[in-house]
Amino acid sequence: MVFSRRSFMAGATALGLAPKLAFANAAEQLIASESSHQIAPEAYPATSVWCFNDSIPGSLIKVKQGQKIEREFVNRLPQDSSVHWHGIRLNNAMDGVPGVTQDVVKPGGSFDYHFTAPDAGTYWYHSHNRSLEQVERGLYGPIIVEEHELPDVDRDEVIVLDDWLFTEQAQIHGDFNAMHSLSHGGRLGNYLTAMTLAREPLTVKQNERIRLRFINVATDKIFSIGLHGFEGKVVALDGMPLVEPIPLDHLVLGPAQRADVIADVTTEDGGLATIVSHERSSAIVLAEVTVSGKASRAKRDEMKALPLNHVESPGDLMKAKRAPLLMEGGAMGRLRAGIYKGEELSIRDLVRNGQVWTFNGVANITDEPLAELNLGEDLVIPITNQTAFPHAMHLHGHHFQEVLADGSLGPFRDTLLVNRNETREIAFKATNPGSWLFHCHMLSHQKAGMKTFVRVS
Ligand code: C2O
Ligand code: CU
């Protein structure tokens, strides 16, 4: 599922090769429909999926930093849907959250999305209605927002990580309400894929410098990625360039997280470079990359950091508003009761309503925001995970920073993994007016209660 040089050169994705016109298409459509694709090995039947523009992953959206993204979303699914543009600091009405920023788009209906992409980097789009089911069925796609000045790399590849829960016939398992997975680590698959944007295998050259844009679109799985035959650095997380690129020993990506890696191929001509997923007791090879030939420039210059995006950090945290978030519930949790739709329910009655997790004692979203902020105000959220599972907390419309033990601020992120029994503090400046979801991006957990929002006005 990785692609060849030839198809790469022919596609619209080649860095610097695509004519400018390719970006200027105004009212392009993004059509969600049922389809069928060969995802499992050839010995298995094709898998029935739901996807964007008949492709898994959905078609690449690529613009220059500061340009507009405009898509007419057309819903040809048998269910209501919507599109969320994950990680993009866009205008609230375009955020794609049914019941919060727009109405659902009915089957046969459409919705015009149009917004500016202010930050360069790797983002993605996905359904935000019945997300556990719709994202699992394949409704996601990559977004590249290009830097004004492109980094010096020989090629640029998107790698979409997913796990699929397949039946023996390689069909997507249709039970999205299984309480066991909702209350544990979520819906975890039995087939892993690292997909690029074309079907043929990827071939690289020794010493080639490659930008790899990893996107974890899995509903619940935390990927732990190992790269063999590549030597490089992580240069961006969740789209945002790092001030100091970090070494590439172990790349842990929670659901929805992204990492941009710039690496040189160290495998010799004729060998294989591999991308593996570290599982509990083994490593699964996600991709084998054939190394054929040598790049002309054997020794490359020192890898440089990417130009930073202009995101404002919070100011004096002593003066910031604070809104603690306590996560409770799930299997092996201590939750006895919680508020659901304004009523205090016992854990049994919560479960009866498909709810098993709470934020500050409340399951699922209500009219009450976690915090009300004025534009320009700073918010600190100490997140305490009193459950037996990790959670991937995602904030819409803003990137936040973690407040580290020494009081300094970590890299800008839009999704943070919070492990069991941990308390982690995040902070951000409210720079974008509207109601912004703050939820666990383990979509099973989101469905079963882990969802709130902040309001900026
Ligand atoms: Cu990527 Cu609310 O989601
Ligand atoms: Cu979670």
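For clarity, every value in this text was computed on a predicted model and none was experimentally measured. Remember, it's 1-based here, ligands and their atoms both numbered in the order they're listed.
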Engineer: When His84 is tested against each of Leu437, Val135, Asp95 for side-chain contact (heavy atoms from CB on, under 4.5 Å), which residue passes?
Structural biologist: Asp95

Engineer: His399 vs Tyr123 aromatic rings, parallel, tilted or perpendicular, using cut-offs 30° and 60°?
Structural biologist: perpendicular

Engineer: Centres of the Phe52 and Tyr125 rings: under 6.0 Å?
Structural biologist: yes

Engineer: Strictly under 2.8 Å of the Cu ion (ligand 2): which protein N/O/S atoms qualify?
Structural biologist: His391 ND1, Cys440 SG, His445 ND1

Engineer: So that I can check it, does any N, O or S atom in His394 come closer than 2.8 Å to atom 1 (Cu) of ligand 1?
Structural biologist: no

Engineer: Rounding to 10°, state the angle centred on atom 2 (Cu) of ligand 1 that links NE2 in His439 with NE2 in His128.
Structural biologist: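 NE2 of His439 and NE2 of His128 make an angle of 120° at atom 2 (Cu) of ligand 1, to the nearest 10°.
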
Engineer: Are His398 and His396 close enough that their ring centres sit under 6.0 Å apart?
Structural biologist: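 Ring centres of His396 and His398 not closer than 6.0 Å.
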
Engineer: I'd like to know if the side chain of Gln65 reaches the main chain of Pro118, judged simply by a donor and an acceptor atom lying under 3.5 Å from each other, with no hydrogens or angles considered.
Structural biologist: yes

Engineer: From Leu60 CG over to Leu197 CG, what is the distance, rounded to the nearest 0.5 angstrom?
Structural biologist: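 The distance works out to 5.5 Å.
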
Engineer: Considering the options Tyr140, Phe115, Trp124, Phe73, which one meets the ring pair (Phe, Tyr, Trp, His ring centres under 6.0 Å) requirement together with Trp85?
Structural biologist: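 By the ring pair (Phe, Tyr, Trp, His ring centres under 6.0 Å) criterion, Trp85 pairs with just one of Tyr140, Phe115, Trp124, Phe73: Phe115.
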
Engineer: Below 30° counts as parallel, above 60° as perpendicular, anything between as tilted: where do the rings of His441 and His126 land?
Structural biologist: perpendicular

Engineer: Can you tell me if His84 has an N, O or S atom under 2.8 Å away from atom 1 (Cu) of ligand 1?
Structural biologist: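 No, His84 does not qualify, because none of its backbone or side-chain N, O or S atoms lies under 2.8 Å.
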
Engineer: Need the atom name: nearest N/O/S atom of His86 to atom 1 (Cu) of ligand 1.
Structural biologist: ND1

